[in-house]
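Have a look at the structure below before the remarks.
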Amino acid sequence: MERSANHSDFIRDIIREDLEAGRVTRVVTRFPPEPNGYLHIGHAKAICINFDVADEVGGKTHLRFDDTNPVKEDREYIEAIQEDVRWLGYEWEGLYFASDYFEEMYQRAVLLIKKGKAYVDDLTADQLRETRGTLTEPGQNSPYRDRSVAENLDLFARMRAGEFPDGAKVLRAKIDMASPNLNLRDPVLYRISHAVHHNTGDKWCIYPMYAYAHPLEDAIEGVTHSLCSLEFKDQRPLYDWVVRECEMPHTPHQYEFGRLNLTNTVMSKRHLKKLVDEGLVDGWDDPRMPTISGFRRRGFTPEAIRSFVRELGITVSGGEVDFKLLEHHARQDLSLKAPRTMAVIRPLKLVITNYPEDQVEMMETLVNPEVPEMGTKQVPFSRELYIEQEDFMEVPPPKYRRLYPGNEVRLKDAYIVRCTDVVKDAEGNVTEVHCTYDPDTRSGTGSNTRKVKGTIHWVDCRSALPAEFRLYEPLLLAGYDAEAPLEAQINPESLQVCHGYIGADLQDAKPQDKFQFVRQGYFNVDPKHTTADHKVFNLIVSLKSSFKVDPVPAQG
RNA sequence: UGCCGAAUGGUGUAAUGGUAGCACGACUGACUCUGACUCAGUUAGUCUAGGUUCGAGUCCUAGUUCGGCAGCCA
């Protein structure tokens, strides 16, 4: 795993100090997803942080499914989550399930009861909320708060035995109903839920709450540094209370860092699940989704995501990261890996009128000019080519250096051509561009010293393969409101499908192969919709451009 | 008018009492058989008011703004 030289942040500082002071001998962190949805780029940050900080000091990281709420969880997610973590490039030491600790958690709860630190409460959920107090007023003690230990023990055992319906009773910690920290106002430790659990089946009908279960999970596994996001900050005193009062032999410590927010991106699982369930996107792995699987299908590389996350750093101040930064890391990584090739997304036919009808020349080109070791390849060239519609304008705007009547451009890796004529249909749209070529200007011959301002890409008509291109924009409209219904805020142009051509060199491209379409951007072979005779390419990220084509070209 | 936390260029971060730096973005220019890449340059910042100090982004006080917390979710 690659490491950055000057990593330092408050978490790494704490770890270093703990190590130096001998408080811990080996660092253990954990990534604890709930299997109730797919992982997104925000989780990627948590994954990178947990694995990286441990790895850097020779520690280890557990993958633990925090599966304490059977009604929301599903096996499907367990597999997907593991695939995503692996794909990101991380291997956990130990795969754990919180549900494997249910018995120990139960016994620790019994201990709490015996110590007078927990009690069974018969209040309804509504009553419980009403007596919890508010942000500015203390709560009131439950009338059941002072039940005897014996009664609590009996009731709790009967809860476990299934004698009560869902919601009839809860086990609560006995802490302080007047605490200014709402989390300490006798938080619920266990609830009754007659639900089938993916792991424990119907063995249990009471399930521990996160606030109780999580610290115990960490303690049981010997986690040293339990890293979580900021919204758990207020739970830290409760976390410590649970570990202490349950008399856990090992004491883990919780530290919180700021979540990742990306511009123009919803990150909540609730919203993402809704987009999937309502068919507004093509599944969890829709390339517009901020899920790990979405980024993977779109064509982002794990290296790009990791370097992006590392550049973000770890802080406790929140913010919103510009999506452009992620794109930057994608380009940077892909530029060294992706073979270059010419593809035409919106085709326009170009005919070289003075080129022999049946001649085909093979043009040599570098697979990747930035990495010459990647070699060269041959590209066929002949009289009729497809060029990009954008690369011809009958009436060019200022500074336009592509093709227009009378102008010369270089066909990349081939010849310089001059536009002599255009052919139009009945509506006056240009359907064909006619050019003449200069035989002395063949690329690589060194025989010519002529310079021409513009170079455009092309694909030879005879050998061209039809292909589908999917161009993406942000899924959500700029300035969307996460609180308002999302369906009305979906960017209608978030997916644009184009039908064009690729060169014969992409004949054998496989799903997830990545290419740079010269002058356009990086594309990934879509693994879901590509078939043997129909290739679909996802735009990963476009190339930057310092020239914007006039959006309202004057067509004659 | 509760508790907790955070405020540094447009964005994300660094500077742990001693020259406010880096990256992205934006804008110039050079180069270019990718208007890419690369290179050079420009732009732009310590929330406010006091205080401590030879010296404050950093420490103190007060304020302002923003975020989190009132699930039998995690």
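Quick caveat: nothing in here was measured; it's all calculated off a predicted structure. Residue numbers start from 1 in every chain, and the chains themselves are labelled A, B, ... in the order their sequence lines are given, proteins ahead of strands.
- Comparing atom distances between the Leu182(A) side chain and each of rC3(B), rA74(B), rA70(B) picks out rA70(B) as nearest.
- Going from the P atom of rU11(B) to that of rC47(B) covers 13 Å, rounded to whole Å.
- Dashed line: the shortest gap from a side-chain N or O of Lys544(A) to OP1 or OP2 of rG25(B) is under 4.0 Å.
- What separates NE2 of His329(A) from C1' of rG12(B) is a distance of 10 Å, to the nearest Å.
- Under 4.0 Å is where a charged nitrogen must lie from a carboxylate oxygen, and between Asp333(A) and Lys337(A) at least one such pair does.
- Regarding Phe10(A), its CZ atom lies at a distance of 12 Å from the C1' atom of rA6(B), rounded to whole Å.
- When the P atom of rC72(B) is taken as reference, atom CG of Leu189(A) falls 12 Å away, rounded to whole Å.
- Residue Leu123(A) is in base contact, counting any heavy-atom pair closer than 4.0 Å across all strands shown.
- Pairing for rG71(B) is absent, judged as Watson-Crick or G-U wobble with the two contacts each under 3.5 Å.
- rC60(B) and rG17(B) are spaced 12 Å apart, taking the P atom of each and rounding to whole Å.
- Around CZ of Arg259(A), the count of heavy atoms belonging to other residues, nucleotides or ligands within 6.0 Å does not exceed 12.
- The residue among Ala211(A) and Glu311(A) whose nearest nucleotide of RNA chain B lies closer to the 5′ end is Glu311(A).
- Aromatic ring centres of Tyr415(A) and Phe381(A): separated by under 6.0 Å.
- Aromatic rings of Tyr207(A) and Phe102(A) (six-membered ring for Trp) have centroids within the 6.0 Å cut-off, being under it.
- Judged by closest nucleotide on RNA chain B, Leu135(A) is the one of Leu135(A) and Leu411(A) placed further toward the 5' end.
- Across every strand in view, rA44(B) sits unpaired, with no contact that passes the Watson-Crick or G-U test at under 3.5 angstrom.
- In Asp202(A), the CG atom is not crowded: 12 or fewer heavy atoms of neighbouring residues, nucleotides or ligands sit closer than 6.0 Å.
- Only the C1' atoms considered, rU8(B) is 11 Å distant from rG21(B), to the nearest whole Å.
- Taking every side-chain heavy atom of Lys324(A) into account, rG25(B) is the closest of rG25(B), rC37(B), rC73(B).
- Taking the six-membered ring where the residue is Trp, the centroids of Phe517(A) and Phe469(A) are separated by under 6.0 Å.
- Within the 4.0 angstrom heavy-atom criterion, base atoms lie near Gly167(A).
- At a threshold of 4.0 angstrom between heavy atoms, the contacts of Pro369(A) include nucleobase atoms, whether or not backbone atoms are also involved.
- The side chain of Leu543(A) lies closest to rU34(B), out of rG71(B), rC24(B), rU34(B).
- Across all strands shown, rG12(B) pairs with rC22(B); the Watson-Crick or G-U wobble distances both stay below 3.5 Å.
- One interatomic measurement links the two molecules: CD of Gln235(A) to P of rG71(B), which rounds to 12 Å at whole-angstrom precision.
- Contact between the side-chain N/O atoms of Arg132(A) and the OP1/OP2 oxygens of rG71(B) is found at a separation under 4.0 Å.
- Contact check, Arg191(A) against rA74(B): a side-chain N or O comes under 4.0 Å of OP1 or OP2.
- Residue Asp166(A) is classed as having no contact, given no heavy-atom separation below 4.0 Å to the nucleic acid.
- In this structure, Arg129(A) places its CZ atom 16 Å from C1' of rC69(B), rounding to the nearest Å.
- Arg346(A) and Asp391(A) are not joined by a salt bridge, as no carboxylate oxygen comes within less than 4.0 angstrom of a charged side-chain nitrogen.
- Rounded to whole angstrom, the span from the OH atom of Tyr255(A) across to the P atom of rG5(B) amounts to 15 Å.
- You'll find that the side chain of Arg519(A) is closest to rU34(B), out of rU34(B), rC73(B), rG71(B).
- With its glycosidic angle within 90° of 0, rG71(B) adopts the syn conformation.
- Rounded to a whole angstrom, the distance from the C1' atom of rC69(B) to that of rC37(B) is 48 Å.
- If you check rU64(B) for Watson-Crick or wobble pairing at under 3.5 angstrom, you find it paired to rA7(B).
- Taking only side-chain nitrogens and oxygens, Lys451(A) comes nearer than 4.0 Å to OP1 or OP2 of rC33(B).
- The gap from the P atom of rC39(B) to that of rG25(B) amounts to 13 Å, rounded to the nearest Å.
- Rounded to a whole angstrom, the distance from the C1' atom of rG71(B) to that of rC66(B) is 25 Å.
- Nucleic acid contact for Ser335(A): none, since no nucleic acid atom lies under 4.0 Å from a heavy atom of the residue.
- Phe232(A) comes within 4.0 angstrom of a base, heavy atoms only.
- Residue Ser317(A) has no polar side-chain atom (N or O) positioned under 4.0 Å from OP1 or OP2 of rG5(B).
- Comparing rC72(B), rC3(B), rG35(B) by their nearest atom to the side chain of Tyr400(A) picks out rG35(B).
- With both ends at atom C1', the span from rG18(B) to rC59(B) equals 15 Å, rounded to whole Å.
- Remark: aromatic rings of Tyr522(A) and Phe515(A) are distant, center separation not under 6.0 Å.
- For rU13(B), the OP1/OP2 oxygens have a side-chain nitrogen or oxygen of Thr315(A) closer than 4.0 Å.
- Base pairing of rU58(B): no nucleotide in any strand meets the Watson-Crick or G-U wobble criterion (both distances under 3.5 Å).
- Set against rG68(B), rU34(B), rA74(B), the side chain of Asp66(A) has rA74(B) as its closest nucleotide.
- The partner of rU52(B), taking Watson-Crick or G-U wobble pairs whose two distances both stay under 3.5 Å, does not exist in any strand shown.
- Where stacking is scored as ring centres under 5.5 Å apart with planes under 30°, Tyr210(A) does not register as stacked on the base of rA74(B).
- Comparing rC69(B), rC33(B), rG5(B) by their nearest atom to the side chain of Asp234(A) picks out rC69(B).
- Set against rU34(B), rG35(B), rA74(B), the side chain of Arg402(A) has rG35(B) as its closest nucleotide.
- Checked by distance alone, Gln516(A) brings a side-chain donor or acceptor within 3.5 Å of a matching partner on the base of rU34(B).
- Taking atom CD on Glu320(A) and atom C1' on rC66(B), their separation rounds to 13 Å, with Å as the unit.
- Salt bridge absent: Glu388(A) and Arg402(A) never bring a charged side-chain N and a carboxylate O closer than 4.0 Å.
- In this entry rC39(B) has rG29(B) as its Watson-Crick or G-U wobble partner, both defining distances falling under 3.5 Å.
- Checked against rG35(B), rG12(B), rG71(B), the side chain of Val321(A) finds its nearest nucleotide in rG12(B).
- Comparing the C1' positions of rA20(B) and rC27(B) gives an interatomic distance of 23 Å, to the nearest angstrom.
- Rounded to an integer number of Å, the gap from Asp126(A) CG to rA70(B) P is 16 Å.
- Within 4.0 Å (heavy atoms only), Ser193(A) reaches no atom of the nucleic acid at all.
- For Ser546(A), taking side-chain heavy atoms from C-beta onward, the closest of the listed nucleotides rA14(B), rA74(B), rA36(B) is rA36(B).
- Under 4.0 Å is where a charged nitrogen must lie from a carboxylate oxygen, and between Asp52(A) and Arg306(A) no such pair does.
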